[in-house]
Structures are given as structure tokens and as C-alpha cells.
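Below is one structure, written out as C-alpha cells, with a few remarks after it.
This chain uses plain numbering: 1 for the first residue, then up along the sequence. Note that ligands are numbered from 1 as they come in the structure, with each ligand's atoms numbered from 1 the same way.
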Amino acid sequence: MQLHVLQQQFLTSMAQTRRVTRSQKETVMNGQNGEVAGKHDIKPGEWGRAWEVDLGTYLGVVGLLMFAPLLVFYFFLSCDKYQCSLSGPILDYNGGHVFYLWELLPKATWNAWKVGLIWLAYQVVQYFVPDVLHYILPSYKGGVQLGAVTPAGNQMLYLVNGLQVWVVTHILFFANAFYFKLFSPTIVFDNWGGLLWVANITGYVVATFAYVKAHFFPTSREDCKFSGNVFYDYMMGVELNPRIGKWFDFKLFFNGRPGIVAWTIINLSFAFKQYELYGHVTNSMILVNILHAIYVLDYFWNETWYLNTIDICHDHFGWYLGWGDCVWLPYLYTLQGFYLVYNPVILSSLHCAIVLILGLSGYYIFRDVNHQKDYFRRNDGNCIIWGKKPEYIQCRYTSSDGKQRQSKLLVSGWWGVTRHMNYTGDLMGSLAYCLATGFGHLLPYFYIIYMTILLVHRCLRDEHRCKCKYGKDWDVYTARVPYRLIPGVF
Ligand code: NDP
């Protein structure tokens with residue numbers, strides 16, 4: 001764990017045990033009477049991803065670069081050859097040569113390359129099709145949208161049409177499955193092993209291209225960060241918002257399109273495969289398809305809002321996002337459906353109801369928390385939250401162009417319960433996906449383990465960034481809202 005994260009944990013725990021002093025209370029204003037909290041001396045642009053790399057971070061980065069791809073292959077192999085038993089590949093070792101697993105790995109077939117590259121090219125073409133949905137659906141925000149202000153003070157325009165791409169893609173998928181029959185609806189499952197190679201090679205090419213581009217032709221030199229450590233920069237990225245030309249945005253495209261549009265297509269392909277193999281689709285598979293589809297649709301319905309999330313606003317584009325979007329997301333976020341092809345679990349009605357209630361309530365919390373912050377920030381605090389004028393902390397920060405800017409931290413509604421109730425809702429939903437697979441194997445539970453690590457780490461990372469950005473104002477906020485995810489616990 002990085003030293004600064006430990007420092008931040010310490011600072012936060014100090015803030016948690018401290019009582020809110022009178023002067024701190026005075027900085028918490030209601031919507032009618034905001035006031036700027038005390039000054040702090042942060043050097044411009046020193047918030048955001050790390051500028052310096054310690055040994056622990058360096059080892060973590062090298063470890064991830066080496067082992068994350070192997071883990072994905074291992075999971076694939078466990079299902080493909082051992083019915084999703086995680087210990088299967090290890091127990092199979094019979095004293096022969098240690099590379100016996102290599103021989104079991106899938107091959108990068110020509111067919112898989114065709115499927116993968118056609119999918120990528122199709123997504124690039126769709127990315128540039130102007131959005132018409134926002135004309136038809138008045139409450140949907142699509143078309144050309146303005147992104148957040150970067151640390152260097154830049155603000156970019158984005159082509160938001162993800163919902164349209166998702167809808168068109170799914171219409172084409174069903175039209176093909178039931179009418180045109182040009183290819184089998186199980187095409188993804190049938191090529192899943194070969195596609196793993198295609199996705200990995202694409203992920204590394206994208207990450208390497210982004211790294212080289214950042215050095216020779218960055219989109220905004222002022223928004224680049226060099227830590228001086230090649231591995232760290234390669235993994236965490238150098239450029240904040242790499243683009244080709246005016247409109248092809250790497251983050252918006254790779255974060256949202258090839259992987260997230262594919263997510264529900266992949267799940268559908270798994271459901272069709274179950275039908276082909278067993279003559280029916282299990283209630284567990286239907287549950288997984290429905291709960292994932294709600295999450296994916298939510299993403300596209302709120303794509304403009306996602307322009308203000310950490311991925312787009314703060315994370316730089318490197319292997320972490322490039323490879324992650326090409327491999328980690330499509331392979332590990334869909335693990336439950338993949339598992340259910342090999343293990344067609346049938347759930348009792350009670351089990352189904354519990355999963356559904358947990359999944360839907362998690363989704364509701366996740367959405368409502370995110371909506372509250374967005375609504376509050378859009379209206380600059382002049383709104384009603386949970387029937388009252390919201391309370392907030394008025395903060396001051398400096399962007400790397402040296403300009404003093406202001407922002408508000410909400411302390412009403414969900415944001416007064418814990419500092420990241422949106423992550424809590426996300427985790428409830430993630431647990432529901434896993435529970436939908438029954439209790440036969442550990443492998444489909446990898447998702448909740450991973451999401452817990454991701455979101456707890458993200459929480460700490462975000463808090464470190466906010467502390468650097470807002471200084472003492474952030475301490476006032478953490479004293480006012482002491483818990484991160486679960487009130488009274490963490
Ligand atoms: P948030 O949407 O919570 O954004 C955090 C930022 O919000 C902070 O950096 C700060 O930014 C601002 N902020 C923090 N506290 C407050 C407050 N009290 N009032 C107003 N603004 C505040 O985090 P993410 O971008 O990480 O996540 C967005 C959603 O995406 C979450 O619901 C998360 O669960 C989900 N997610 C899902 C992932 C997945 O793989 N499934 C991965 C990552 C996220 P500022 O500088 O503007 O003040």
C-alpha cells in the first residue's frame with residue numbers, strides 16, 4: 001500500500017475521533033448562506049494521481065502487470081476444463097513438467113481474431129454516429145456534452161451516444177438470433193477462449209500506444225503526469241485525456257464501448273449456450289442477465305454524468321484503464337454467466353427473491369446517491385434533498401493553472417450517512433450477482449471480492465486526492481461524516 005494512503009488513513013482516523021469544533025461547525029453552511037472555509041497552501045495541480053513512486057507501489061505495479069493477465073487465463077481454464085473448480089488446474093498437476101497448463105490454454109484462432117476485430121471496428125464506426133436518442137427521449141442527456149475542468153484548466157467536448165449504440169447493437173443481435181441467422185447467438189461463448197488472446201493483445205497495444213503518444217504527441221501536455229518510473233507511468237497512464245483528432249476520446253471509447261456494450265451481449269450469448277446445451281435457461285442465468293442489464297443500461301443512460309466520475313476526470317489513461325477495459329471487464333465482470341453455462345444452477349423461489357431484493361435495493365442506493373451529488377452540484381446547492389435545503393461545506397482549491405476555484409461538499413442526504421454510500425450500493429448489487437450462482441464454487445464470488453478491494457482502495461485513493469485538493473476543508477468534511485462505507489463500522 002502506498003505510504004500516502006497510510007498517511008491519509010491516519011489523518012482520517014484522527015479526524016474521526018476528534019469532535020467537531022466550533023470553528024469547523026461554522027464552515028458547514030446551509031444552502032442560503034455559504035461561506036468559504038479557511039485557506040490552505042496546496043501547490044497548483046498537486047492533487048490527482050501520484051507524482052512519486054515508492055518501492056511498495058513499484059512492486060505492486062510490476063506484480064499486476066505480470067499476474068493480472070495470468071489470473072484471467074487461469075479463471076478461464078478452471079471453467080473450460082475443470083467445471084469452474086479453482087483448485088482443479090493445480091490438483092491436476094501429476095508431477096510432469098510445470099508448463100502442463102500451457103498446453104490446456106485456448107488457441108488464438110483466426111475465427112476469434114475475425115470476431116474480435118470486427119467488433120472493435122463496429123464500435124469505432126458506431127462511436128461517430130451522431131446521437132438521435134436525446135431528441136426522442138427528452139430526459140436523456142446525449143449528443144455533444146461538455147466534460148469536467150481538468151487540473152490544467154482544460155474542458156473538452158464529448159460525443160455521448162452510448163445508449164444509442166447499446167440499443168442498436170442489441171436490436172441487431174436479436175434480429176440475427178431469431179431472423180437473419182447469419183451467425184450463432186452463442187458466437188461469443190464459442191470463441192471465448194480465442195477472444196481472450198485477442199482482447200489481451202489489443203489491451204497491451206492500446207496501453208503501449210497511449211504511453212508512446214503521451215511522450216511524442218500528447219493531446220494536452222499540461223495535463224500529463226510523469227512520475228519518472230516507467231512501469232508506474234505505463235500502468236497508471238501519463239495523459240489525462242488522450243485523443244486522436246478532435247473527437248476520438250480514448251477514455252470514453254474504451255471505458256464504455258467495446259467492453260460495456262459487450263457485457264450484456266456476452267451474458268446473452270451465455271444464456272443462449274445454456275439453452276443449446278440443456279434445452280432450458282435457468283432462473284439463475286435469467287437473474288444474472290437482468291441484474292447486469294440494469295447496471296449496464298444505467299451506465300449508458302447516465303453516460304454524460306459519467307464524464308464527471310473518477311475514471312474520466314482524474315485517472316490517467318494507461319494499462320490500468322486500457323487493458324482493464326479490454327480484458328478485465330469483459331472477462332471477469334461476466335464470470336457469473338460463464339460459470340452458469342458449466343453449472344446450470346436452479347434456485348429456489350426464496351433464494352431468487354432474496355437475490356432480487358438485494359440486487360434492486362443495492363442498485364437503488366447506488367443510483368440515488370450518485371443522483372443526489374449530481375443534482376446538488378448542478379444546482380450549485382440551490383435544491384431540495386430529502387425534503388430540506390442541503391447543508392454543505394464550501395471549499396477552495398487551486399488548479400494547476402494557478403487559478404483559485406471553489407467547490408461544495410454535500411453533507412445532507414446519503415452524503416451525510418457515509419462518504420461513499422454509492423460504493424456501498426454498488427457492493428450490495430455485486431454481492432447479489434454472486435449469490436445468484438448458488439454456493440457450489442468460489443469462482444463466481446471473485447467479483448464481490450474484487451469489487452470490495454477495488455472500491456475500498458478507490459475510497460482511500462479518492463480521499464487522498466480530495467485531501468490534497470481541499471486541505472483543511474476536507475478535514476472538516478471527514479469530521480462531519482466520519483464513516484466511509486458502512487455507518488458505525490468503516
Ligand atoms: P464518486 O462519484 O463518489 O466521486 C468522487 C468525487 O466526488 C470526489 O473525488 C469529489 O470530487 C466528489 N465528492 C466527494 N465527496 C463529495 C461530497 N460530499 N459532495 C460532493 N462531491 C463530493 O466516485 P467514482 O467516480 O469513483 O464512482 C462513480 C460511480 O461509479 C460509483 O457509484 C461507483 O460505485 C461506480 N464505479 C463502478 C465501478 C465498476 O467497476 N463497476 C468502478 C468504479 C466506480 P471533486 O473533485 O469534484 O470534489
Trp301 vs Tyr140, ring-ring contact (aromatic ring centres under 6.0 Å, His included): CA-CA, chis, key distance, verdict: CA-CA 7 Å; Trp301 182 267; Tyr140 166 66; 5.4 Å; yes

Is there at least one pair of N or O atoms, one from [X] and one from ligand 1, spaced under 3.5 Å apart?
| X | value |
| --- | --- |
| Trp305 | no |
| Ser407 | no |
| Thr309 | no |
| Arg419 | no |
| Leu455 | no |

Ligand 1 versus [X], non-hydrogen atoms closer than 4.0 Å: side chain, backbone, both, neither?
| X | result |
| --- | --- |
| Asp462 | side chain |
| Cys466 | side chain |
| Val411 | neither |
| Tyr470 | side chain |
| Tyr477 | side chain |

Testing Asp462, Leu409, Val481 one by one against Arg419 for a side chain to side chain contact (heavy atoms under 4.5 Å, CB included), which residue passes? Val481

When Ile448 is tested against each of Ile453, Leu427, Leu435 for side chain to side chain contact (heavy atoms under 4.5 Å, CB included), which residue passes? Leu427

Non-hydrogen atoms of Ile312 and Asn241 that approach each other most closely: O-OD1, 3.7 Å

Tell me if a side-chain donor or acceptor on Tyr74 pairs with a main-chain N or O of Leu86 at a distance below 3.5 Å. yes

Just jot down the ligand 1 atoms closer than 4.0 angstrom to any heavy atom of [X], in number order.
| X | answer |
| --- | --- |
| Arg377 | 20 (C), 21 (N), 22 (C), 45 (P), 47 (O), 48 (O) |
| Lys373 | 1 (P), 2 (O), 4 (O), 5 (C), 6 (C), 7 (O), 12 (C), 20 (C), 21 (N), 22 (C) |
| Met451 | 39 (C), 41 (N) |
| Lys408 | 20 (C) |
| Arg465 | 8 (C), 9 (O), 10 (C), 11 (O), 45 (P), 46 (O) |
| Tyr295 | 37 (C), 39 (C), 41 (N) |

Whether [Y] and [X] form a salt bridge (side-chain N of Lys/Arg under 4.0 Å from carboxylate O of Asp/Glu) is what I want to check.
| X | Y | answer |
| --- | --- | --- |
| Asp311 | Lys251 | no |
| Asp473 | Arg396 | no |
| Glu303 | Lys141 | no |
| Lys225 | Glu239 | no |

Quick one: which of [options] has a heavy atom closest to [atom]?
| atom | options | value |
| --- | --- | --- |
| atom 43 (C) of ligand 1 | His314, His420, Arg458 | Arg458 |
| atom 39 (C) of ligand 1 | Tyr333, Trp415, Tyr306 | Tyr333 |
| atom 34 (O) of ligand 1 | Thr424, Asp298, Asp374, Asp426 | Asp426 |
| atom 42 (C) of ligand 1 | Asp315, Leu454, Asn255, Leu332 | Leu454 |

Would Arg484 and Phe490 count as a cation-pi pair here, with the cationic atom under 6.0 angstrom from the ring centre and within 45° of the axis? yes

Report, as yes or no, whether the 6.0 Å neighbourhood of atom CZ on Phe446 holds more than 12 heavy atoms from other residues, nucleotides or ligands. yes

Pair Asp374-Asn308, side-chain hydrogen bond (donor to acceptor under 3.5 Å, both in side chains): steps then yes or no: CA-CA 9 Å; Asp374 183 46; Asn308 292 307; 5.0 Å; no

